[in-house]
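Note sheet for the following structure.
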Amino acid sequence: MQLTTRRELLSEIGKGMLTASVGTALASEMGISPAFAETESKALEFGRLEPLVQLMQENSAEKMLPLVINKISQGTSLRDVVASAALANARTFGGEDYIGFHAFMAMMPAYQMTSEMPADRRALPLLKVLYRSTNQIQAKGGRSAEVLHTIDAMPVPTPLERREGLRAAERRGDVNEAEGIFAGLVGQSAIDAYNDLQVMIQDDVDVHRTVLAYRAWDLLGLTGKEHAHTTLRQSVRYCVAQENNRKRTNYPESGIRTALPKIIDQYHVATLKFGSREADDMWLNSMCNTLLNSAPAQAAEAVAQAITEGFSPNAIGEALSLSATRRVLTDPGRTAAYPGKPIGSVHGDSVGVHASDSMNAWRNMAKVSNHYNALTGLIVGGYHLAASTGNDWKQRQPYSVFEHTDAITEKGSSALLASLDGAIREKNQARAAAIVKQYGSEGHGVRPVFDMLLTFATSEDGALHAEKYYRTVSEEFGRTRKSMRWEHVTALARVTASEYGKRAEGYELACDLLKVKA
């Protein structure tokens with residue numbers, strides 16, 4: 001084989017070094033072509049999970065569900081089922097299909113929900129998402145239409161060059177170069193590659209690039225780090241595709257590309273350290289007001305200022321999360337009807353739900369990232385939160401569930417839970433939220449409320465967001481101070497009432513196969 005360009009030479013050297021460092025078999029499993037491989041791309045293989053991955057890709061959703069349930073009854077773990085489903089989804093779509101990547105992002109939340117379900121219904125949340133994912137895989141052509149294949153790795157010598165190389169490739173819209181650089185990074189270290197990936201994630205703000213990046217990392221706990229390249233490269237492709245779409249539609253660049261470098265210089269972010277200062281209620285409320293009422297660049301600066309004042313990542317994350325929840329609580333609702341989302345609804349891709357899932361992702365990415373990315377990620381999170389609502393939304397009359405609490409006459413746990421069930425089925429957002437606020441103020445335990453809301457998050461379609469938002473609220477409730485944590489559950493009750501009435505496809509089939517009541 002004769003090499004004709006410097007890039008080809010460096011690529012072959014890099015692939016040889018990579019194969020030597022991680023081994024031929026592991027490089028192959030990661031989808032990275034070693035130096036002696038044929039030049040054309042090959043299908044990805046997933047080792048022991050491959051048969052189950054193929055089952056997800058080669059059968060209709062109706063045929064897949066009973067096959068998977070049979071596998072589970074024979075001892076296949078739910079862990080392996082969701083890992084295989086995630087890999088099947090990634091191999092098919094590569095992070096470039098709207099319904100596809102929403103199903104991918106919902107897989108870990110659905111898996112986590114299974115542990116909260118009664119034993120005979122445990123698999124239901126996961127089966128619901130698998131049906132959605134497999135249905136879309138078949139709609140796109142199954143294995144014959146796979147997006148992800150093996151890829152040649154490109155070496156990049158220094159940390160600065162690899163980060164800048166990723167961002168430059170993204171901004172040029174060059175998916176092949178971005179993929180090649182990233183393949184070389186993952187082959188050396190999954191966590192280092194994840195940190196380098198964040199230069200692309202922070203280059204714009206939208207819920208999908210943020211949540212996809214976080215959920216792809218989170219799923220490695222099930223798929224294994226040997227499949228890091230397959231799950232994480234979806235974000236590379238998503239970011240490049242979004243940049244090309246931005247250029248195609250003449251949409252302006254995100255302001256974060258100007259704001260973040262200025263803040264990094266102004267606040268000397270490269271040398272900043274997080275403090276351990278925790279926030280009192282007064283500071284937290286003040287910070288939430290700032291984040292909710294500032295322009296995006298000002299909100300990002302507010303986060304940077306809080307870091308310089310010694311506030312901990314937990315305090316800043318709590319403010320971001322609570323601010324997003326307050327968006328849900330004050331959302332005026334949709335002014336026009338969309339399929340499955342009527343006028344006044346707040347579920348699915350609403351401002352508040354998107355903001356909440358995004359802040360949850362920024363907060364969780366900060367926990368697993370290096371120090372610099374944790375700093376810049378929370379700063380970008382502040383920008384993202386403020387940018388998630390336009391001026392017209394802010395100028396509309398805010399909705400407040402708290403105006404309806406005086407109408408709640410029921411007292412006691414049982415009476416309030418019964419009324420909550422009725423309010424949700426009546427799609428009465430205000431009453432459902434007010435009931436939960438009353439329930440929390442009486443000091444009852446939260447688990448019965450979560451159990452009820454979990455039932456609806458499993459049965460209802462939720463416009464692709466039910467599982468993610470349920471898990472967002474569950475996590476944020478657990479790490480928010482007692483004086484304010486019930487705001488999260490109140491918001492979830494409102495969203496649940498909004499989404500009620502449209503059953504998820506595949507839910508009733510799954511119930512029938514499990515022999516439980518739908």
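These figures come from a predicted structure and were not determined experimentally.
Closest of all the heavy-atom pairs between Ser388 and Arg327 is OG-NH1, 3.0 Å. Nearest approach of Val240 to Ala178, heavy atoms of both residues: CG2-CB, 4.0 Å. Of all heavy-atom pairs between Asn89 and Ala103, the closest is ND2-CB, 3.9 Å. Here the closest non-hydrogen pair linking Gln138 and Ser60 is CG-CA, 3.9 Å. Taking each heavy atom of Leu272 and Leu375 in turn, the nearest pair found is O-CD1, 3.6 Å. Taking every heavy atom of both residues into account, Thr210 and Ser358 meet most closely at CG2-O, 3.9 Å.
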Practice problem: Could you go through the side chain to side chain contact (heavy atoms under 4.5 Å, CB included) check for Ile307 and Ile379 one step at a time? | Solution: CA-CA 9 Å; Ile307 295 170; Ile379 291 168; 4.2 Å; yes
Quiz item: Could you walk me through whether Met154 and Phe182 pass the side chain to side chain contact (heavy atoms under 4.5 Å, CB included) check?
Solution: CA-CA 8 Å; Met154 290 174 55; Phe182 190 71; over 6 Å; no
Quiz item: Can you check side-chain hydrogen bond (donor to acceptor under 3.5 Å, both in side chains) on Asn314 and Arg363, steps first, answer last?
Solution: CA-CA 8 Å; Asn314 180 65; Arg363 196 175 185 184; 3.0 Å; yes
Quiz prompt | From CA spacing to verdict: side-chain hydrogen bond (donor to acceptor under 3.5 Å, both in side chains), Asp206, Tyr238 | solution = CA-CA 11 Å; Asp206 80 74; Tyr238 178 89; 3.0 Å; yes
Exercise. Verify salt bridge (charged side-chain N to carboxylate O under 4.0 Å, His left out) between Glu164 and Arg167, making sure each step is shown before the conclusion.
Key: CA-CA 5 Å; Glu164 292 302 320; Arg167 181 161 54 197; 2.7 Å; yes
Self-check item: Gln54 vs Arg91, side chain to side chain contact (heavy atoms under 4.5 Å, CB included): CA-CA, chis, key distance, verdict
Solution: CA-CA 10 Å; Gln54 291 186 25; Arg91 186 163 72 181; 4.1 Å; yes
Practice problem: For the pair Lys140 and Glu96, evaluate salt bridge (charged side-chain N to carboxylate O under 4.0 Å, His left out) and give the outcome as yes or no after the intermediate values. | Solution: CA-CA 12 Å; Lys140 291 296 182 178; Glu96 295 182 15; over 6 Å; no
Exercise. Before giving the answer on side chain to side chain contact (heavy atoms under 4.5 Å, CB included), spell out for Ile191 and Trp217 the whole-Å C-alpha distance, their side-chain angles and the decisive distance to 0.1 Å.
Key: CA-CA 9 Å; Ile191 185 59; Trp217 178 264; 3.6 Å; yes
Show which side-chain atoms of residues 72-87 pair as donor or acceptor with protein atoms under 3.5 Å away, not counting sequence neighbours.
from: Ser73; atom 1: OG; to: Asn70; atom 2: O; distance (Å): 2.6
from: Thr76; atom 1: OG1; to: Lys71; atom 2: O; distance (Å): 3.2
from: Ser77; atom 1: OG; to: Asp80; atom 2: N; distance (Å): 3.0
from: Arg79; atom 1: NH2; to: Gly221; atom 2: O; distance (Å): 2.4
from: Asp80; atom 1: OD1; to: Arg48; atom 2: NH2; distance (Å): 3.1
from: Asp80; atom 1: OD2; to: Arg48; atom 2: NH1; distance (Å): 2.9
from: Ser84; atom 1: OG; to: Asp80; atom 2: O; distance (Å): 2.8

Contacts table for residues 118-132: side-chain donor-acceptor under 3.5 angstrom, sequence neighbours left out:
from: Arg121; atom 1: NH1; to: Lys517; atom 2: O; distance (Å): 2.8
from: Arg121; atom 1: NH2; to: Tyr507; atom 2: OH; distance (Å): 3.0
from: Arg121; atom 1: NH2; to: Lys517; atom 2: O; distance (Å): 3.0
from: Lys128; atom 1: NZ; to: Ala457; atom 2: O; distance (Å): 2.7
from: Lys128; atom 1: NZ; to: Thr458; atom 2: O; distance (Å): 3.4
from: Lys128; atom 1: NZ; to: Glu460; atom 2: O; distance (Å): 2.6
from: Lys128; atom 1: NZ; to: Glu467; atom 2: OE2; distance (Å): 2.7
from: Tyr131; atom 1: OH; to: Glu62; atom 2: OE2; distance (Å): 2.5
from: Arg132; atom 1: NH2; to: Glu467; atom 2: OE1; distance (Å): 3.4
from: Arg132; atom 1: NH2; to: Glu467; atom 2: OE2; distance (Å): 3.3

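Listed by first and then second residue, the ring-ring contact (aromatic ring centres under 6.0 Å, His included) pairs that reach into residues 71-93 come to none, sequence neighbours excluded.
If you check the side chains of Arg471 and Asn360, you find no donor sitting under 3.5 Å from an acceptor. For the residue pair Arg209 / Gln242, no side-chain donor-acceptor distance below 3.5 Å is found, with atom types taken as modelled. No side-chain N or O of Arg334 forms a donor-acceptor pair with one of Ser350 less than 3.5 Å apart. In the model, Gln57 has a side-chain atom that pairs as donor or acceptor with a side-chain atom of Glu146 under 3.5 Å. Inspection of the Glu476 and Ser321 side chains reveals an N or O donor paired with an N or O acceptor under 3.5 Å. Checked by atom type, the side-chain pair Asn245/Arg248 shows a donor-acceptor distance below 3.5 Å.
Residues Arg143 and Glu58 are in side-chain contact: their nearest non-hydrogen atoms beyond the backbone lie under 4.5 Å apart. Leu148 is listed as a side-chain neighbour of Arg237, based on a closest heavy-atom distance under 4.5 Å. Between Thr92 and Val147, every side-chain heavy-atom pair lies at or beyond the 4.5 Å cut-off. Side-chain contact between Lys468 and Val353 is absent, with no heavy-atom pair separated by less than 4.5 Å. Counting heavy atoms from C-beta on, the side chains of Ile264 and Tyr372 come closer than 4.5 Å. Looking at heavy atoms from C-beta onward, Leu378 lies in side-chain contact with Phe274 at the 4.5 angstrom threshold. Counting heavy atoms from C-beta on, the side chains of Gln198 and Ser369 come closer than 4.5 Å.
The pair Arg162-Asp196 counts as a salt bridge, with a side-chain nitrogen and a carboxylate oxygen less than 4.0 angstrom apart. Salt bridge status for Glu243 with Arg257: present, with a side-chain N to carboxylate O gap under 4.0 Å. For the pair Asp203 and Arg171, the salt-bridge criterion is met [side-chain N within less than 4.0 Å of a carboxylate O].
For the atom pair OG of Ser459 and CD of Glu499, the computed distance is 8.0 Å after rounding to the nearest 0.5 Å. Note that CG of Leu232 is 12.5 Å distant from NE2 of His227, once rounded to the nearest 0.5 Å. Going from atom CG of Leu185 over to atom CZ of Arg233 covers 13.5 Å, rounded to the nearest 0.5 Å. Going from atom CG of Leu320 over to atom OG of Ser356 covers 11.0 Å, rounded to the nearest 0.5 Å.
Evaluation of the ring pair (Phe, Tyr, Trp, His ring centres under 6.0 Å) rule for Tyr470 yields Phe450 as partners, not counting sequence neighbours. With sequence neighbours excluded, the residues satisfying side chain to side chain contact (heavy atoms under 4.5 Å, CB included) with Leu513 are Leu65, Pro66, Ile69, Leu509. In this view, Glu508 and Arg503, Ala518 satisfy the side chain to side chain contact (heavy atoms under 4.5 Å, CB included) rule, not counting sequence neighbours.
In this structure, Lys247 places its NZ atom where more than 12 heavy-atom neighbours from other residues, nucleotides or ligands lie under 6.0 Å away.
Applying side-chain contact (heavy atoms from CB on, under 4.5 Å) to Arg215 and the options Met107, Met108, Gln234 leaves one that passes, Met108. Applying ring-ring contact (aromatic ring centres under 6.0 Å, His included) to His208 and the options His102, His384, His465 leaves one that passes, His102.
Ring-centre distance between Tyr469 and His347: not below the 6.0 Å cut-off.
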